[in-house]
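Okay, so here's the structure we're looking at.
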Number of protein chains: 2
Amino acid sequence: MPKLRQLVNRSDYPPACSQCALRKSDAFSPVSDAQLRYIEAMRSDRIGYSAGSHIKPENQRATALYTLYSGWAFRFKTLSDGRRQILNFLLPGDLIGLQEQFSDGPSHGVDAITEVTLCVFPLTKLWDLFRDHSGLAYSVTWLAAREESNVDENLLSAGRRNASERIAALLLHLHRRATHLGLADLADNGSIAFPLTQSHIADALGLSLIHTNRSLRKLHLAGLHHIEGGRLTILNPKALERLSEYYDQPTRQVPLI
Amino acid sequence: MPKLRQLVNRSDYPPACSQCALRKSDAFSPVSDAQLRYIEAMRSDRIGYSAGSHIKPENQRATALYTLYSGWAFRFKTLSDGRRQILNFLLPGDLIGLQEQFSDGPSHGVDAITEVTLCVFPLTKLWDLFRDHSGLAYSVTWLAAREESNVDENLLSAGRRNASERIAALLLHLHRRATHLGLADLADNGSIAFPLTQSHIADALGLSLIHTNRSLRKLHLAGLHHIEGGRLTILNPKALERLSEYYDQPTRQVPLI
DNA sequence: TATCCACTATAACTTTTGATGTAGGAGACG
DNA sequence: CGTCTCCTACATCAAAAGTTATAGTGGATA
C-alpha cells in the first residue's frame, strides 16, 4: 500500500544535512558542527511517499524515526467501524515515530496528505544519541513535548469547543505553523498552500463531514477565511481568534533533528 | 488558592529516594545506585496539597518539575466562559511540568483531586540531568511519550467515541493504571479507590455533567461496572472492552524519576 | 470526448447531546 | 441538631450534530 517513489535528482530530495533547506530557515535553532555531523551520520536513508499513501500502518510498530523534510502528513487512530480520529498534522521539521519506542504497543498510523519526503534514522540509534549528544537528546524531548502540546490543544477543541470554534482554531493553528516555516505567500495576503480536504478537517475535529462543510461555509460567508485552489487565506484573524480563543503566541525557534 | 499542608511525619511524606515506596513496586524499572543518588540530590523539596487545590495555575509557567508521589491529580485547559477540558489524569509516578519547559507559553493547569504529595525538582537542573545521566534523560523522554499516548487515546474518545464508549474506555484505562501500581484490592473483586466525581469524568470526556450521569447509569444498569463509596469495581471487563475498543496491553515497567 | 472519481454543496430528517430545573442523600461544620 | 454544600439522580425541553440522499464540479483517465 505505501508507495515509494524515485526521488534522487528531485528538488525535494533531502540533501546532505549541511545543505538542508529547512535548517536555513530561521524557524529552527542552530546546531553545532559536531551535532550536524552526528545527525548526518545517524541518518540511514531518505525516502518519499506519494500523496495519500500510508507511511506507517496503525497496527504495526515503527521501525525507524523519521523527520518530515517536505510535505504534509498526519497521525491518526481508528475504531473498527472506520471512525477515524486525526491526532495532529505533521509539517516539515516534525519528528515521526518517537512514541512507538516507548509505548506498550503500536498506537497510531501515519498517512501522507501531499507527496512527502523523509529523513530516516534507525530507532536502534536513539539510545546512542542520548548517550553521545545530550544536546540532541534535549531536542528530541523538546519535540515530543511540543507535539503533546498540539494534541492537548486538539483535545480542548474536540472536547469543549463547538463546531465553528474548532474550525477557527484549526485554521489559525495550521496557518501559524506554515507561516512560521516561511511557507506563507506574502504577495497573496499571507495565504498558505492548504492540502487538507474537508474530510481531513472533520476527522481532526471530531465532526461529521457534513457538519464540517456547514460550519466551514458559515465562517466563509462571515468573511473570516477563504479556501480556494488548495490555498488558505486568513481574512479576519482577530475574529477567528476571538471565536476560538486560540491566540498567537510568539513562536520560538524549534530544534530540528 | 493552593494550600500547603504540614507533611513531615505523615505516612505519605516522600522518604529518601532509597526508601521510596513507589520504587519498591515492580511497576517501575530499576535504577542504578548512581542514578538513584543523582535523583535524590536533584530533588529540592517535598510538598503536599490538599484535595481540590491548584498545584499549578493555568496561566502561569511552572517553576519546577514534580513527580507525583501519592494521590490523584489532573492536567486541564479552560476556555474563558468556564468550559474545562481535562487532558489526562495523573497517578503516582507521573512527571508534572515537563511541557512548560519547552512550550511557548503556559499551557495548562494542574489540580489535585485527592490530597497529593510531590517530589520537587528545579527546572534549571533538567539540562544538567540530560548532560550527566543519559539514562535518566531517556527516562524523561519515555515519560513524555507515554503521557502523549494517553492524551492521544483521550482525543480518540472525545472525537470519535459516543458517550458510553468514552466512559467505558476511561474506566478501563484508570482501572488498569491503578492496578498496575498495585492499588487494586484483590479481596474486593479488584476494586480501586476512585476519587473522581462525575464532573471530572464529564470534563475529561467532553460531555455535559447530565449526559455523563445518564450514560454512567446506563453502564451501571447493564452490570458493567459499579461505583460506590469512592471505589470502582469493573464487573464485566470484556463487555467494556468490546464497547470501547479499548484493549488491555501488557504494561511494561515504566521509568520513575 | 466521455467516463470516472474524489471532493464539495445542500436539503430534509433523526439522534445525540446539552440546558434548565428540581430533588434527595451524605458529609462538614457551627 | 439544623444548615450548607457538594454530589448524584432524573424529567423536560432545546440545540447541536449526525445521517441519508442527491447533485454539482473539476481534474484525472481511458
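Hydrogens, waters and symmetry mates play no part in the numbers below; they use all other heavy atoms, side chains included. Chain letters run A, B, ... following the sequence lines, proteins first and then strands; every chain starts at 1. These numbers come from a predicted model, not from an experiment.
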Working for side chain to side chain contact (heavy atoms under 4.5 Å, CB included), residues B:Ile113 and B:Phe74: CA-CA 7 Å; B:Ile113 298 175; B:Phe74 62 88; 3.4 Å; yes
Starting at [atom1] of [X] and ending at [atom2] of [N], how long is that distance when rounded to a whole Å?
| X | N | atom1 | atom2 | value |
| --- | --- | --- | --- | --- |
| B:Leu196 | D:dC6 | CG | P | 18 Å |
| B:Asp203 | C:dG18 | CG | C1' | 14 Å |
| B:Asp81 | C:dG18 | CG | C1' | 14 Å |
| A:Ile167 | C:dT8 | CD1 | C1' | 14 Å |
| B:Arg160 | C:dT16 | CZ | P | 16 Å |
| A:Ile201 | C:dC7 | CD1 | P | 12 Å |
| B:Arg83 | D:dA16 | CZ | P | 12 Å |
| A:Arg161 | C:dT17 | CZ | P | 21 Å |

Check: B:Thr78/B:Glu58 side-chain N/O donor and acceptor closer than 3.5 Å: yes
Pair A:His211, A:Ser208: side-chain N/O donor-acceptor within cut-off below 3.5 Å: no
Side chain to side chain contact (heavy atoms under 4.5 Å, CB included) assessment of B:Asn150 paired with B:Arg177: CA-CA 11 Å; B:Asn150 287 339; B:Arg177 286 177 65 190; 4.1 Å; yes
Side chain to side chain contact (heavy atoms under 4.5 Å, CB included) evaluation trace for A:Ser53 with A:Asp111: CA-CA 6 Å; A:Ser53 60; A:Asp111 272 14; over 6 Å; no
Trace of the side chain to side chain contact (heavy atoms under 4.5 Å, CB included) decision for B:Leu170 with B:Ile201: CA-CA 8 Å; B:Leu170 180 65; B:Ile201 298 175; 3.9 Å; yes
Sugar-phosphate only, base, or nothing, as touched by B:Thr197 at under 4.0 Å among non-hydrogen atoms: sugar-phosphate
A:His200 side chain to A:Phe89 backbone, donor-acceptor under 3.5 Å: no
Test: A:Lys56 and A:Glu100 ion pair at under 4.0 Å: yes
Selection from C:dT8, D:dA17, C:dA19 that lies nearest to any side-chain heavy atom of A:Asn162: D:dA17
Proximity to DNA chain C (any heavy atom under 4.0 Å), residues of residues 220-236 of chain B only: none
Those residues of residues 210-219 of chain B lying under 4.0 Å from DNA chain C by at least one heavy atom: B:Ile210, B:His211, B:Arg214
A:Asp12 and A:Arg46: CA distance, side-chain angles, deciding distance, salt bridge (Lys or Arg N to Asp or Glu O under 4.0 Å) verdict: CA-CA 11 Å; A:Asp12 59 354; A:Arg46 292 163 262 189; over 6 Å; no
Pair A:Arg75-B:Glu148, salt bridge (Lys or Arg N to Asp or Glu O under 4.0 Å): steps then yes or no: CA-CA 12 Å; A:Arg75 298 196 307 124; B:Glu148 182 181 344; 2.9 Å; yes
Short side-chain N/O contact from A:Gln198 to OP1 or OP2 of C:dA6, under 4.0 Å: no
Matching residue for B:Asp203 among B:Arg84, B:Lys77, B:Arg83 - test: salt bridge (charged side-chain N to carboxylate O under 4.0 Å, His left out): B:Arg84
Angle by which the axis turns from one end of the helix from C:dT1-D:dA30 to C:dG30-D:dC1 to the other, five pairs per end, to 10 degrees: 40°
